[in-house]
Amino acid sequence: MLTHTDIHYLVGLLTKSLGSEDIEVELGDMVYDIAGKKHRDVDVTVKQKNADGTVSMYKGIEVKDETRPLGIGTVEQLCLKLNDMPQITHKAVVSSSGYSSGAIEKATSHGMDLLEIVDWDPVKDPGFSNIIFQPGFTSSIKEKITDGDTVVRIIDHLPVWKMLRDYSTNKPIAACGIVILNSGNILGYSIIGEKGIIGSLNIQYSDRQTGRLYKKIVT
């Protein structure tokens with residue numbers, strides 16, 4: 001079962017996978033709020049650095065894992081929060097439950113990108129031009145349970161599939177297939193960009209138990 005914290009990590013890891021070496025993704029970054037006159041946490045930040053070390057892009061992403069579509073009030077609060085952070089040059093929200101019509105209008109008027117992270121069926125909705133999943137496709141990740149050097153049993157885990165996509169166009173940004181191991185670690189692989197570049201994901205159990213994600217660099 002994925003927790004709210006896990007969803008934050010997945011968004012951060014999938015965002016990190018999209019970038020090149022000059023992209024830095026951080027969870028729980030503390031950004032200065034000029035109205036509140038203090039630093040406040042932003043769920044995911046993405047910095048693009050130039051050769052001279054200056055930052056050319058600083059994207060702030062707020063992640064909401066709710067059961068109902070985000071309403072206008074929630075999106076309005078997030079717009080106000082990020083608007084009061086002049087370091088942030090690009091603003092986005094990720095929702096696991098969609099958005100109300102009023103929230104969409106509010107986000108558009110404030111230049112806020114709306115993204116969503118949703119369950120994904122790689123066979124029925126592949127989404128990536130270079131990858132074809134055949135009907136009946138099942139992919140598993142095997143975990144060896146050991147007692148010292150002795151293998152006690154092997155568990156065959158079926159992955160949970162998630163996709164990060166643009167809400168207005170349904171265009172896939174990235175996707176992943178993940179499993180939760182007996183150790184509590186999350187392991188899996190990612191599918192990135194329109195061409196479907198495959199990478200790997202790994203979230204340690206200790207990180208999953210972190211209540212707050214301050215200064216956790218995604219690598």
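Not measured: the values here are computed from a predicted model.
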Look only at the side chain of Asp43 and the backbone of Val63, and say whether a donor-acceptor pair between them is shorter than 3.5 Å. yes
Heavy atoms of Ala35 and Asp84 approach each other most closely as CB-OD2, 3.4 Å
How long is the gap from CD on Gln48 to OG1 on Thr89, to the nearest 0.5 Å? 9.5 Å
Would you say Val118 ends up clustered with Trp161 if hydrophobic residues are merged whenever their side chains have heavy atoms under 4.5 Å apart, either directly or through other cluster members? yes
Quick check: closest heavy atoms across Ile173 and Asp166, and the distance to 0.1 Å? CD1-N, 3.9 Å
Are any non-hydrogen side-chain atoms of Glu143 and Ile180 less than 4.5 angstrom apart? no
Rounded distance (nearest 0.5 Å) linking atom CD1 of Ile61 with atom CD1 of Ile88: 9.5 Å
Where do Asp41 and Lys81 come nearest, in terms of heavy atoms and distance? O-NZ, 2.8 Å
Check whether any side-chain heavy atom of Arg153 lies under 4.5 Å from a side-chain heavy atom of Ile155, and answer yes or no. yes
Does any non-hydrogen side-chain atom of Ile178 lie less than 4.5 Å from one of Asp6? no
So which atom in Pro159 and which in Val179 form the shortest heavy-atom distance, rounded to 0.1 Å? CA-CG1, 3.5 Å
Does Asp33 have any side chain to side chain donor-acceptor pair (under 3.5 Å) partners at least two apart in sequence or in another chain, and if so, which? Arg40
So, does Thr146 use its side chain to make a donor-acceptor pair with the main chain of Asp149 at under 3.5 Å? no
Minimal heavy-atom distance between Ser100 and Pro69, with the atoms involved, is N-CB, 4.0 Å
Quick one: side chains of residues 108-116, donor-acceptor pairs under 3.5 Å with protein atoms, not counting sequence neighbours, listed by atom name and distance.
| unit_1 | atom_1 | unit_2 | atom_2 | d |
| --- | --- | --- | --- | --- |
| Thr108 | OG1 | Ile104 | O | 2.9 |
| Ser109 | OG | Lys106 | O | 2.8 |
| His110 | ND1 | Asn83 | ND2 | 3.3 |
| Glu116 | OE2 | Arg165 | NE | 2.7 |
| Glu116 | OE2 | Arg165 | NH2 | 3.0 |

Does Asp119 reach the side chain of Lys162, with side-chain heavy atoms less than 4.5 Å apart? yes
Looking at side-chain heavy atoms only, is the closest gap between Val46 and Met57 below 4.5 Å? yes
Closest approach of Tyr205 and Gly184, non-hydrogen atoms and distance? CD1-CA, 3.5 Å
Hey, what do you get for CE (Met163) to NZ (Lys171), rounding to the nearest 0.5 Å? 12.0 Å
With side chains defined as the heavy atoms from C-beta onward, is the minimum distance between His39 and Tyr32 less than 4.5 Å? yes
Return yes if some donor-acceptor pair links the side-chain N/O of Trp120 with the main-chain N/O of Asp125 below 3.5 Å, else return no. yes
Hphob cluster co-occupancy, Ile186 + Val160, side-chain heavy atoms under 4.5 angstrom: yes
Do the side chains of Tyr58 and Val42 get nearer than 4.5 Å, heavy atoms only? no
Among all residues two or more places apart in sequence or in another chain, which pass the salt bridge (charged side-chain N to carboxylate O under 4.0 Å, His left out) test with Asp147? none
Is any side-chain heavy atom of Thr74 closer than 4.5 Å to one of Val93? no
Please report the interatomic distance CG(Leu187) to NE2(His157), rounded to the nearest 0.5 Å. 9.0 Å
What distance do Ile117 atom CD1 and Leu10 atom CG have between them, rounded to the nearest 0.5 Å? 5.0 Å
Donor-acceptor under 3.5 Å (Ser95 side chain, Ser97 main chain): yes
So CG of Leu2 and OG of Ser96: to nearest 0.5 Å the spacing works out to 10.5 Å
